[in-house]
K.L.:
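Here you go, one structure.
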Amino acid sequence: MPRRTGQRGVVNCVTEEGGRLTLAIDDWRPAETPTSALRLRLNSNDLGALPEGQRRVYHLLIEPGQA
């Protein structure tokens, strides 16, 4: 997946059999860099704010036909 270079990044996927989607989000930044406001959304549902300045890995179970 390409690096996020704007205000948001979008991933779209549809699966016939379902599965697991793994996202690794790394918000490391130098101390002098402004803080971020990263949030994770799935099917328009807000999964919450991401901890600032940390790397997190999310494993999401995707039902068939879901994106």
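Only heavy atoms go into these numbers, but all of them, side chains included; no hydrogens, no water, no symmetry mates. Counting begins at 1 with the first residue of the sequence.
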K.L.:
Taking side-chain contact (heavy atoms from CB on, under 4.5 Å) as the test, write out the residues that go with P30, two or more places apart.
P.N.:
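P30: side-chain contact (heavy atoms from CB on, under 4.5 Å) contacts with W28, E32, T33.
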K.L.:
Could you tell me the separation between the CD1 atom of I62 and the CG atom of L21, rounded to the nearest 0.5 Å?
P.N.:
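Reported value, rounded in 0.5 Å steps: 5.0 Å.
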K.L.:
With sequence neighbours excluded, what pairs up with A24 under the side-chain contact (heavy atoms from CB on, under 4.5 Å) test?
P.N.:
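Applying side-chain contact (heavy atoms from CB on, under 4.5 Å) to A24 gives R55, V57.
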K.L.:
So how far is it from R56 CZ to D26 CG, rounded to the nearest 0.5 Å?
P.N.:
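That separation rounds to 11.0 Å.
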K.L.:
Rounded at 0.5 Å granularity, tell me how far OH in Y58 sits from OG1 in T22.
P.N.:
13.0 Å
K.L.:
Please list, chain by chain and in numerical order, all residues satisfying side-chain contact (heavy atoms from CB on, under 4.5 Å) with N45, sequence neighbours excluded.
P.N.:
N43
